[in-house]
Undergrad: 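The structure follows.
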There are 2 protein chains.
Amino acid sequence: MTYCAGMLVEEGLVMMADTRTNAGVDDISVYRKLHILAKGDDRLIVAASSGNLSITQLVVSRLEEGLAPLIDDDEPRTLARVPSMFQAAELVGEAVASARKDVGRALSAQNIDAGISLLLGGRVGKGKLRLYLIYSAGNFIECHSDAPFLQIGETKYGKPILDRALQWNTPLDEAVKVGLISFDSTMRSNLAVGRPLDVIVIPGDLKKPVIERRIGTDDPYFDDLSARWSMLLGESRAIIPTPPFMT
Amino acid sequence: MTYCAGMLVEEGLVMMADTRTNAGVDDISVYRKLHILAKGDDRLIVAASSGNLSITQLVVSRLEEGLAPLIDDDEPRTLARVPSMFQAAELVGEAVASARKDVGRALSAQNIDAGISLLLGGRVGKGKLRLYLIYSAGNFIECHSDAPFLQIGETKYGKPILDRALQWNTPLDEAVKVGLISFDSTMRSNLAVGRPLDVIVIPGDLKKPVIERRIGTDDPYFDDLSARWSMLLGESRAIIPTPPFMT
């Protein structure tokens, strides 16, 4: 299992992913699911992945080498050269669809799910920060300010806090905090989602630095956040009156 | 969709169910999903149901009329006469399996899911309060004190609060409150779960009254609980420090 969340607020973009993969509960490993697909003076394109690990790695490798050019003489099509985030999403969608087509038949013959989904976020050139969810067929949706987050993988446990707490005008540091609470809730209820967590924060303001962070299994801030959140939830419950029909 | 939760704590049993059913988003109705299957001086057996509505109704009707006797001369087998909650669970499991077998083939030919699951709770005779989850094949598991709750339907949104807040020694009125918070979280994130909610509280102490309650769409206590919980979650978030790597 996997949990990844992308949060696109006025001040910037936050992408988070856990690192736990499992092929059965007796085969659990740490794999990075948050990938920097393109980095340069004019672009930063990041993807978080959920689903079949071999298909994910195939997609990432093909994108690194570049998809076959549309005209014979052209260079391979890479994310280093797409002119917009929309075209980045199209290229990644094409890579997802083709990887699934190439390997999916062999996998489905063995009843193995070849589905993957990706969160794709970042900026290209002078374009705004954008965030997409790319489905396993290669189609995609874009995140908009009415609901400024997208999730893939084990999404439900951590969705209530995002639904309540995240708005377009939520400050970037608060969005990171809310995202970490969302991961804490998910990890408490599903063992298949676990630390380390990978976090990338891309401020909308180009003068501010991009922050990359791995939150390990012994991260003191996360431990403190988790303990405090539990305690505060308990205190909050105590404040709510007893149902009148129970008194 | 549906959400039902059963909570079995030291002081008693709480069963809750929403009432929203939908055959597509353009056909939404209110149907009771919390059923009293047997009620008498020596027993109270309650079920909450999730899944195909026609199969659920078939199961409930067959249980009311009684399953065919095992020996020709006997009376139909009903929950009014089972000698224990375990045998109640077996009888209900048999009704679920047979209903699914009888109707399931016709439904699966139309790609309609014939699966249902049930929470079955209550007491028979001098036996303890018991709570079971009955799967669509008719097999079942029993709730035990290490994790004193069972859920069916849209379970994930409302599970984190139960995981954190509910223990065997949680007082009965607090268990009701926690259950309502779990429903509030679920209804915020999934439109297919909605009020009215039906609640039955069966105290372990036979001298205390059984409480039955329908919580309507304008229930002032629930509205207050929902508003307070939102506010308290917001205040709790504000107390948690900003991630150190964001300052």
Side-chain angles (χ1 to χ4, degrees), chain A residues 14 154-166 170-182 184-190 199 201 203 211-215 219-222 224-247, chain B residues 14 154-166 170-182 184-190 199 201 203 211-215 219-222 224-247:
Chain A
V14 183
E154 177 62 278
T155 60
K156 292 188 176 182
Y157 298 119
K159 186 163 180 280
I161 183 70
L162 297 176
D163 280 332
R164 285 180 201 269
L166 208 68
T170 301
L172 195 56
D173 53 0
E174 186 72 12
V176 173
K177 193 208 289 183
V178 169
L180 293 175
I181 295 172
S182 174
D184 181 51
S185 297
T186 307
M187 291 190 290
R188 273 189 84 98
S189 290
N190 188 336
V199 182
V201 183
I211 295 164
E212 271 191 76
R213 190 87 179 186
R214 171 159 283 199
I215 293 170
D219 186 90
Y221 171 74
F222 194 90
D224 178 64
L225 172 141
S226 182
R228 279 183 198 247
W229 186 245
S230 256
M231 192 191 66
L232 289 161
L233 285 185
E235 290 173 7
S236 298
R237 261 194 306 117
I239 292 169
I240 291 181
T242 301
F245 55 86
M246 293 299 294
T247 51
Chain B
V14 183
E154 178 61 280
T155 59
K156 292 189 177 182
Y157 298 120
K159 186 163 180 280
I161 183 71
L162 297 177
D163 278 333
R164 285 180 200 270
L166 209 66
T170 302
L172 195 55
D173 52 0
E174 186 73 12
V176 174
K177 192 207 288 182
V178 169
L180 293 174
I181 294 171
S182 173
D184 181 52
S185 298
T186 307
M187 292 189 290
R188 274 188 85 98
S189 289
N190 188 336
V199 183
V201 183
I211 295 163
E212 271 191 74
R213 190 88 179 188
R214 172 160 282 200
I215 293 169
D219 185 272
Y221 171 73
F222 194 90
D224 178 63
L225 171 140
S226 181
R228 280 183 198 247
W229 186 244
S230 255
M231 192 191 67
L232 288 162
L233 285 185
E235 289 173 7
S236 298
R237 260 194 306 117
I239 292 170
I240 291 181
T242 300
F245 54 87
M246 293 300 293
T247 52

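Hydrogens, waters and symmetry mates are skipped; everything else that's a heavy atom, side chains included, is used. To find a chain, count down the sequence lines: A is the first, B the second, and so on, and within it residues start at 1.
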Undergrad: Looking at every heavy atom in both Arg164(A) and Ser230(B), which two are closest together, and how far apart are they?
TA: NH1-OG, 2.9 Å
Undergrad: Considering only heavy atoms, which portion of Glu154(A) lies under 4.5 Å from any heavy atom of chain B: side chain, backbone, both, or neither?
TA: side chain
Undergrad: Considering only heavy atoms and a distance below 4.5 Å, find which of Thr155(B), Asp173(B), Ile161(B) pairs most often with chain A.
TA: Asp173(B)
Undergrad: What part of Arg213(A) lies closer than 4.5 angstrom to a heavy atom of chain B: side chain, backbone, both or neither?
TA: side chain
Undergrad: Heavy-atom cut-off 4.5 Å, strictly under: side chain, backbone, both or neither for Leu172(B) against chain A?
TA: both
Undergrad: I'd like to check the side-chain contact (heavy atoms from CB on, under 4.5 Å) partners of Ser189(B); sequence neighbours left out, ordered by chain and number.
TA: Lys159(A), Pro160(A), Asp163(A), Tyr157(B)
Undergrad: Who among Thr242(A), Ile239(A), Leu225(A) has the most heavy-atom pairs with chain B under 4.5 Å?
TA: Thr242(A)
Undergrad: Are side-chain heavy atoms of Leu232(B) and Leu233(A) found at a separation under 4.5 Å?
TA: no
Undergrad: What closest approach, in Å, do Lys177(A) and Arg237(B) show between heavy atoms, and which atom pair accounts for it?
TA: NZ-O, 2.7 Å
Undergrad: With a 4.5 angstrom heavy-atom cut-off, could you sort out which part of Pro241(A) is near chain B: side chain, backbone, both or neither?
TA: both
Undergrad: What residues, two or more places apart in sequence or in another chain, satisfy side-chain contact (heavy atoms from CB on, under 4.5 Å) together with Ile211(B)?
TA: Phe245(A), Met246(A), Val201(B)
Undergrad: So, do Ile240(B) and Leu180(A) sit near enough that their side-chain heavy atoms are less than 4.5 Å apart?
TA: no
Undergrad: Can you tell me which of Glu174(B), Lys156(B), Arg188(B), Arg228(B) forms the most heavy-atom pairs within a distance under 4.5 Å of chain A?
TA: Lys156(B)
Undergrad: Given a strict heavy-atom distance threshold of 4.5 Å, which part of Asp224(A) is in contact with chain B: side chain, backbone, both, or neither?
TA: side chain
Undergrad: Report yes if some heavy atom in the side chain of Ser236(A) is under 4.5 Å from a heavy atom in the side chain of Glu235(B); otherwise report no.
TA: no
